[in-house]
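Values reported hereafter were calculated over all heavy atoms of this structure, with side chains retained and with hydrogens, waters and symmetry mates removed.
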Amino acid sequence: QVQLVESGGGLVQAGDSLRLSCAASGRAFSNYAMGWFRQAPGKERRFVAGVSWSGGSTAYADSVKGRFTISRDNAKNTVYLQMNSLKYEDTAVYYCAADVRRSSSVTLYEYEYAYWGQGTQVTVSS
């Protein structure tokens, strides 16, 4: 069982930055690839970014490339999402998720993430 708790969301203006954190329970965190997804009002949940268990491989949605950075600290059982140059269209509930298959790669597919946090709201005003 893996429990994930996101934090760091809030209300910001366009162009601002935010850093989201996701704290994970369990000693096997360092074995899991981690991902961030988001769901805007009235839309499906979509992949934002992912990081391999080692941190050596990352993947990003085209809409956030160059603005968002995912990282992890296995000693702290935490994954981060640094979001810069935020846009109105980044407004969404952001979820972190754990891929416990112990794959060395990053998956973009929601169904391959077994555990999810409760989400944190990010609102960007234009």
Side-chain angles (χ1 to χ4, degrees):
Q1 189 78 8
V2 178
Q3 292 185 326
L4 303 173
V5 179
E6 302 98 334
S7 61
L11 172 63
V12 297
Q13 294 186 333
D16 285 352
S17 298
L18 273 178
R19 188 176 81 157
L20 305 183
S21 299
C22 174
S25 66
R27 292 175 292 179
F29 173 79
S30 60
N31 292 328
Y32 305 150
M34 298 294 296
W36 284 97
F37 289 75
R38 67 186 181 187
Q39 187 169 22
K43 296 188 177 181
E44 294 182 350
R45 190 158 56 185
R46 293 188 179 274
F47 175 82
V48 174
V51 61
S52 63
W53 65 269
S54 67
S57 179
T58 57
Y60 296 93
D62 288 344
S63 59
V64 306
K65 280 182 182 177
R67 299 189 298 122
F68 290 12
T69 303
I70 189 171
S71 61
R72 65 189 298 159
D73 185 337
N74 287 341
K76 295 183 178 179
N77 277 19
T78 302
V79 62
Y80 304 98
L81 186 67
Q82 177 67 43
M83 306 186 294
N84 298 330
S85 302
L86 282 161
K87 303 177 181 180
Y88 174 76
E89 50 264 41
D90 294 320
T91 296
V93 177
Y94 283 72
Y95 299 89
C96 73
D99 172 8
V100 300
R101 299 173 301 141
R102 302 198 177 192
S103 169
S104 60
S105 61
V106 178
T107 180
L108 282 62
Y109 300 108
E110 185 176 342
Y111 66 86
E112 292 187 322
Y113 289 86
Y115 296 97
W116 294 80
Q118 82 289 349
T120 186
Q121 176 71 48
V122 172
T123 303
V124 184
S125 62
S126 58

* Nearest heavy atoms of Ser85 and Arg67, plus distance in Å -> O-NH1, 2.9 Å
* same_hphob_cluster(Tyr95, Val48) at 4.5 Å side-chain heavy-atom cutoff -> no
* Under the side chain to side chain contact (heavy atoms under 4.5 Å, CB included) rule, what do Cys22 and Tyr80 come out as? Steps first, then yes or no, please. => CA-CA 6 Å; Cys22 174; Tyr80 304 98; over 6 Å; no
* **Note, Phe29 side chain near Arg72 side chain (heavy atom, < 4.5 Å)** => yes
* To do: Taking all heavy atoms of Ser52 and all of Ser104, pick out the closest pair and write down the distance.
  => CB-O, 3.6 Å
* To do: Report yes or no: does Asn74 contribute a side-chain atom to a donor-acceptor pair with the main-chain N or O of Trp53 at less than 3.5 Å?
  => yes
* To do: First locate atom CD of Glu112, then atom CZ of Phe47, and finally report the distance between them rounded to the nearest 0.5 Å.
  => 11.5 Å
* Asked: If two hydrophobic side chains count as joined below 4.5 Å and joins carry through other members, does Ile70 share a cluster with Leu4?
  -> yes
* Are Leu108 and Trp36 in one and the same hydrophobic cluster, where Ile, Leu, Val, Met, Phe, Trp and Tyr link if side-chain heavy atoms are under 4.5 Å apart? -> no
* Arg46 atom CZ, neighbour heavy-atom count above 12 within 6.0 Å -> no
* Describe, in one word, how the ring planes of Tyr94 and Phe68 are oriented to each other, choosing from parallel (under 30°), tilted (30 to 60°) and perpendicular (over 60°). => tilted
* Any Val106 side-chain heavy atom under 4.5 Å of Met34 side chain -> no
* Asked: When clusters are formed by joining ILVMFWY residues with side-chain heavy atoms under 4.5 Å apart, either directly or through shared neighbours, do Phe37 and Met83 land in the same one?
  -> no
* Asked: Can you check whether Lys76's main-chain N or O pairs, donor with acceptor, with Thr78's side chain at less than 3.5 Å?
  -> yes
* Short question: side chain of Thr91, backbone of Thr123 - any donor-acceptor pair under 3.5 Å? -> no
* Any chance CD of Gln121 has more than 12 other-residue heavy atoms, nucleotides or ligands included, within less than 6.0 Å? -> yes
* Lys43: partners by side chain to side chain donor-acceptor pair (under 3.5 Å), with sequence neighbours left out -> none
* To do: Kindly determine whether Arg38 and Val93 satisfy side chain to side chain contact (heavy atoms under 4.5 Å, CB included), including the steps that lead there.
  => CA-CA 5 Å; Arg38 67 186 181 187; Val93 177; over 6 Å; no
* Asked: Is there a path of hydrophobic side-chain contacts, each under 4.5 Å between heavy atoms of I, L, V, M, F, W or Y residues, that connects Val79 with Val64?
  -> yes
* Can you see which heavy atom on Ser126 is nearest to which on Ala14, and at what distance? => CA-CB, 4.4 Å
* Do Gln82 and Asn84 have side-chain heavy atoms sitting under 4.5 Å apart? -> yes
* Residues which pass side chain to side chain donor-acceptor pair (under 3.5 Å) with Thr58, listed by chain and number, not counting sequence neighbours -> none
* **Sequence-distant partners of Glu89, side chain to side chain donor-acceptor pair (under 3.5 Å), two or more places apart** => none
* When rounded to the nearest 0.5 angstrom, what distance separates CD in Glu110 from OG1 in Thr107? -> 10.5 Å
* Asked: Between Val100 and Tyr115, is any pair of side-chain heavy atoms under 4.5 Å apart?
  -> yes
* For the pair Asp90 and Lys87, find out whether any cationic side-chain nitrogen is under 4.0 Å from an anionic carboxylate oxygen. => no
* To do: Mind checking the OG1-CG spacing from Thr120 to Leu18? Nearest 0.5 Å is all I need.
  => 8.5 Å
* First locate atom CG of Leu81, then atom OG of Ser21, and finally report the distance between them rounded to the nearest 0.5 Å. => 9.5 Å
* To do: Show the numbers, then the answer: is there a side chain to side chain contact (heavy atoms under 4.5 Å, CB included) between Tyr32 and Val2?
  => CA-CA 10 Å; Tyr32 305 150; Val2 178; 3.6 Å; yes
* Structure fact -> Taken to the nearest 0.5 Å, the spacing of Asp16 CG from Ser125 OG works out to 7.5 Å
